S.K.: 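First, the structure itself, so that you have it in front of you.
Quick caveat, the model's predicted, so the values are computed rather than measured. The sequence lines fix the lettering, A, B, ..., with proteins before strands; numbering per chain opens at 1.
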There are 2 protein chains.
Amino acid sequence: MAKGITRERIVAAALDLLNDKGMDALTVRALASRLGVGAPALYWHVRNKQELLDEMSTFVMRRVTAALSEIAAGAGWRDGVAAYARVLRSEYLLHRDGARIFSGTRFSDPGVVKAKEPWLGRLTAAGFSLAEADDAIDLVTAFVVGFVIEEQERSQSAGADPGRYSLAERDAWLGEGADLVKAAGHLRDDGDRRFERQLGVVLDGLAARLR
Amino acid sequence: MAKGITRERIVAAALDLLNDKGMDALTVRALASRLGVGAPALYWHVRNKQELLDEMSTFVMRRVTAALSEIAAGAGWRDGVAAYARVLRSEYLLHRDGARIFSGTRFSDPGVVKAKEPWLGRLTAAGFSLAEADDAIDLVTAFVVGFVIEEQERSQSAGADPGRYSLAERDAWLGEGADLVKAAGHLRDDGDRRFERQLGVVLDGLAARLR
DNA sequence: ACCTGAACACCGTTCAAGT
DNA sequence: ACCTGAACACCGTTCAAGT
């Protein structure tokens, strides 16, 4: 019953395995056994493990572009860019270590790269030059990637080593001085709010380019 | 002559090996042989490979904080934050896949975290609230991490697969349509200039918070 | 205290052979 | 066309034993 392995089923199972067991446990052998086949069977459908990882990240990015094509048809540039940032973050957050694994990989699907087209159109229509529009998309993408990498690392090592991020232990670990660092740690609120505030700063910076 | 392995020598050799051969070739065995010892010898000085990676990233971040303590004593907040962003980027660029490997890791040295203290002081003195100052540092860090991950991935896969990033091949790969994406690709200039422009946008966004 | 030799339980990948 | 079985050249890590 497990036969009839396809490229899509392999990618889907790989994403499941990643979420279940984490990056280190995402091995060709474990993936194959989850699909009910031997490890060499996968090499009929996929050139090597790197191609599998590329395919996984292409899958995630296709979901991002699909989610975006439904939104933001008539919205202003600011709301549109904000929606892009939120969708990218939430898709990364769906997968363990998503930002680290899926960022900075080459897409096997031209459609994912082409998805930039309407955004460039919207931004230039709003008054940005083409170069500014391209910079804007790259900047927002870079911000989301960096933000979520830190966010996921934090939540993961909090799970593995609870107390490492408790405020009291952190204060003790920091030792003498560093009062502002400690105070800032106590002010720190949840990821959603911090994301929205920092995204707002980026959008304000982009808005400043329109004058 | 190769004896007298220390933690520092191991970390230095690991960074060398990373630059020479890349992430996949950074194995405990290869590192040991470069130091003229057997692989198990390293486990006397380091708990496991993860601890070695943490130590490497702490080393890199110590260089960042050291470089910063020499600059930016009397500079304004904007120049100071810009200097931080540039130093962080250039230290990441010194190591192959530096941004991906060294971002989002836990520091073994409280001193690295404490280095935020003078920055929080400078930003609050300039009129930011403590929460805004903390956000500002995180935002700039996230931007640099995301930017350099993309930058290093691009330069690495350009080295491995030349032509993959040639404009003509890329245009052909994109196929029909996507005229703005293609035009933006042709406008794209070098990393330094793109970094400075995007950093400027972030700084403008932060400046908007001062009113 | 510091390192070696040998071993354990794994990896990704290849390839002849089966159906 | 699709998959198995067996094998190759590796991994990270442990541990008794040496000095």
S.K.: Taking only side-chain N and O atoms of His45(B), does any of them lie within less than 4.0 angstrom of OP1 or OP2 on dC3(C)?
M.R.: yes
S.K.: Checking His95(B) now: which residues fulfil ring-ring contact (aromatic ring centres under 6.0 Å, His included) with it, not counting sequence neighbours?
M.R.: Phe102(B)
S.K.: Which stems does DNA chain C form, counting runs of 3 or more consecutive Watson-Crick or G-U wobble pairs with both distances under 3.5 Å?
M.R.: C:4-8 with D:12-16, C:12-16 with D:4-8
S.K.: Donor-acceptor pairs are to be reported for all side-chain atoms of residues 10-18 of chain B against protein atoms at under 3.5 Å, with residues two or more places apart or in another chain.
M.R.:
none

S.K.: Nearest whole Å is fine: how far is dA16(C) P from Trp44(A) CH2?
M.R.: 14 Å
S.K.: Got a sec, which pairs hit salt bridge (charged side-chain N to carboxylate O under 4.0 Å, His left out) with one end in residues 58-69 of chain A, sequence neighbours left out?
M.R.: Arg62(A)-Asp109(A), Arg63(A)-Glu91(A)
S.K.: Using the side chain to side chain donor-acceptor pair (under 3.5 Å) criterion, which residues pair with Asn19(A)? Sequence neighbours excluded.
M.R.: none
S.K.: List for me each residue that meets side chain to side chain contact (heavy atoms under 4.5 Å, CB included) alongside Glu132(B), sequence neighbours excluded, and say none if there are none.
M.R.: Phe128(B), Ser129(B), Arg209(B)
S.K.: Under a plain distance cut-off of 3.5 Å, with no hydrogens placed, do Thr141(A) and Tyr84(A) share a side-chain donor-acceptor pair?
M.R.: yes
S.K.: Going by atom type alone, with no hydrogens or angles, which donor-acceptor pairs under 3.5 Å involve a side-chain atom of residues 21-31 of chain B and a protein atom two or more places apart or on another chain?
M.R.:
from, atom 1, to, atom 2, distance (Å)
Thr27(B), OG1, Ala30(B), N, 3.0

S.K.: Which letters describe nucleotides 6-15 of chain C, given B = protein heavy atom under 4.0 Å from base, S = only from sugar-phosphate, - = neither?
M.R.: BB---BBBBB
S.K.: I need the full list of ring-ring contact (aromatic ring centres under 6.0 Å, His included) pairs touching residues 21-44 of chain A, with sequence neighbours left out, sorted by first then second residue.
M.R.: none
